[in-house]
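Notes for the one structure printed next.
Computed from a predicted structure; not experimentally measured. Ligands are counted one by one from 1 in listed order, and the atoms in each one are counted from 1 as well. Numbers for residues simply follow the sequence, beginning at 1.
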Amino acid sequence: MNLVVVSNRVARGKANEPMTGGLAAALLPVVEKSGAIWVGSSGRVRDGAQMEPIVEVEQLGAGALALLDLPAAHYAGYYEGFANSALWPALHSRSDLIRVSHDDYNSYREVNAFVARALMRFQKPDTLFWIQDYHFLSLGAELRGLDVKSPIGFFLHTPWPSRSVIDSVPHHRELVEAMLAYDLIGFQTAEDCENFASCVRVDLGLKIRDGVVKSRYGRTRLAVFPIGIDADKFAQSAAKAVSHPDVSRLRRSLHGEKLAIGVDRLDYSKGLINRINAFDRMWSMHPGLLRGVSLLQIATPSRESIEAYGNLQSEVARLVSEVNGRHGEVDWTPIRYLNKGFGQGVLAGLYRTAQVGVVTPLHDGMNLVAKEYVAAQSPVDPGVLVLSKFAGAADELDTALLVNPHDIDGMARTIAMALSMPLNERRLRYEAMMAKLHRHSIQQWFADFVELLQDTEIDEPEIEPLPAAAAGLLAHSSAPPGARYH
Ligand code: F6P
């Protein structure tokens, strides 16, 4: 088997370098071991109208990393535009933040087509393609347009929202239809899978039997694969990291006070404003906790050229300074706010130092920080995870203290409760969560997906007319899926 994994962002093999987000960090160790070729953006763009893909290949463990320079003319429309200003807010149920332009959609399709052309050089008779995430919804259709017959799988790392939300994205029906070029589509949770299935049923008028849709591309299986972590490896690096200079300095600075930790990309889906408001409320409601607990909030800058992210950055900074101004003392700062990234190794040590982990997104595909916080705890004296019920991780980590991130009073009370939880209860909750983390490891996730993709029965596409409902709906769209947009 020759596995080709594709994602927009790739990791460069240095675990101690800061990484933006879960996908790259999660895939790195398993891709390295599997011997797969991992194809993604080099982070550079290149000019040229009829640009031929140039691929730079370097070794990655037993496999290789293949880096593509993406077309300069379409990069902004693809990444900042359609992927992160239309799809990302929609996938996270923030219709109010959706910004769409038809040029951006065109660029998105162009980049998907460009990456498909680049992938042709990796195709062999036994190739399996595994495409990752919302940047490449139409990549499978582009590959099929180039006559690729190999199995092609897709995994969505974000949530898939309800139909009424995805409806706000122009061309969404074309995209959903294009996604049916994949043989296997994986989701983080059963709810995401069901939401997608409902788009297929209602918008395309197609039937789903036993998780399989039949479309003009052939069969597509829809399935759930919650992404995991290597809990034992993370626990080991947390235990080792206690001697890291940053971690030691943090401990020394605490003077007996407790610590809560939040680690997020600076993204509106992460619920940072509500979280800071909850701490503000907690210190007002429980003055005994002033000097008793501080919050270390790491917020790694992300997608800074997009207006919504710039606005959020200013809003969070303003709120942190207000709360610190209100509750701080000459020798005590309630919120330590760091606007930068840290490597996985140091983060593991920081998690272990904190008695409470606060992971309270408004909406999140999985949220691996929640899993990493649990894995980093000392089994003899574990901290408590306060987790949003709207993170995919809440399905498995149901012995965390689950909160509604919109309920500021409720979160304030729950954080206070976490701080005073007795040791025996902390241990029971931690042990139950560790058992789940062991069951759904990253290795298992990778193996399960690849195994099911390998077993996919590839049937010749039936070029039969779409059912009336879908044909009628697609007639309103500008071009058939798989076509290029100019
Ligand atoms: O699915 C989410 C994701 O792709 C994760 O890798 C990470 O949380 C984030 O998006 C990374 O975003 P970007 O590559 O835009 O920094």
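- Here NE2 of His438 is found 12.5 Å from CD of Gln444. Values are rounded to the nearest 0.5 Å.
- In terms of the salt bridge (Lys or Arg N to Asp or Glu O under 4.0 Å) criterion, Asp192 has no residue partners (sequence neighbours excluded).
- Backbone and side-chain nitrogen or oxygen atoms of Leu23 are examined, and one is located within less than 3.5 angstrom of a nitrogen or oxygen of ligand 1.
- With Asp264, Val10, Asp364, Asp133 as candidates, the residue nearest to atom 4 (O) of ligand 1 on a non-hydrogen basis is Asp133.
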(message) Using salt bridge (charged side-chain N to carboxylate O under 4.0 Å, His left out), reason through Asp264 and Lys270 one step at a time and then give a plain yes or no.
(response) CA-CA 7 Å; Asp264 307 81; Lys270 304 293 180 186; 5.5 Å; no

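- A ring pair (Phe, Tyr, Trp, His ring centres under 6.0 Å) with Tyr134 is found for one member of Trp88, Tyr79, Phe155 and no other, namely Trp88.
- For Trp88, every heavy-atom contact with ligand 1 shorter than 4.0 Å involves the side chain, none the backbone.
- Partners of Ala235 by side chain to side chain contact (heavy atoms under 4.5 Å, CB included), not counting sequence neighbours: none found.
- Remark: among candidates Arg9, His157, Arg303, Glu80, the nearest residue to atom 10 (O) of ligand 1 is Arg303, based on non-hydrogen atoms.
- Proximity to Thr158 (heavy-atom distance under 4.0 Å) selects the following atoms of ligand 1: 1 (O).
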